[in-house]
Amino acid sequence: MTHHTPPARRICPSCDGFATAAITLGGRDRHGHLCTITVHCPACHGTGTTCRVRPQEVNA
């Protein structure tokens, strides 16, 4: 019996799948560690994928 594979999820066009980035703030704390913040892609909210959406027809 064959198994059906689910359709591949679409990679986010805004971040190309790299949904989260660590950005250095340019300084170090008193222990010598780099100060960083984590930023998520605003389009996919850090998942790296988007839903497949069909274009809707407009009734004129």
Side-chain angles (χ1 to χ4, degrees):
M1 184 179 266
T2 61
H3 295 282
H4 297 286
T5 58
R9 297 203 57 163
R10 184 174 170 216
I11 294 176
C12 175
S14 297
C15 65
D16 288 331
F18 296 98
T20 304
I23 299 173
T24 62
L25 298 176
R28 294 185 180 265
D29 63 6
R30 62 187 183 98
H31 300 290
H33 299 124
L34 281 173
C35 297
T36 60
I37 57 172
T38 304
V39 181
H40 300 292
C41 173
C44 65
H45 304 289
T47 62
T49 58
T50 58
C51 297
R52 292 185 184 264
V53 179
R54 288 180 152 178
Q56 295 183 359
E57 295 180 12
V58 178
N59 294 330

How close do [X] and [Y] get, counting heavy atoms only, and between which atoms?
X	Y	value
His45	His40	C-CB, 4.3 Å
Thr49	Cys44	O-CB, 3.5 Å
Cys15	Gly48	SG-CA, 4.4 Å

Single-linkage hydrophobic cluster, 4.5 Å side-chain cutoff, Ile37 and Leu34 together:
no
Going from OG1 on Thr36 to CD1 on Ile23, what distance comes out if it is rounded to the nearest 0.5 angstrom?
9.5 Å
Going by heavy atoms in the side chains, are Pro13 and Thr50 under 4.5 Å from each other?
yes
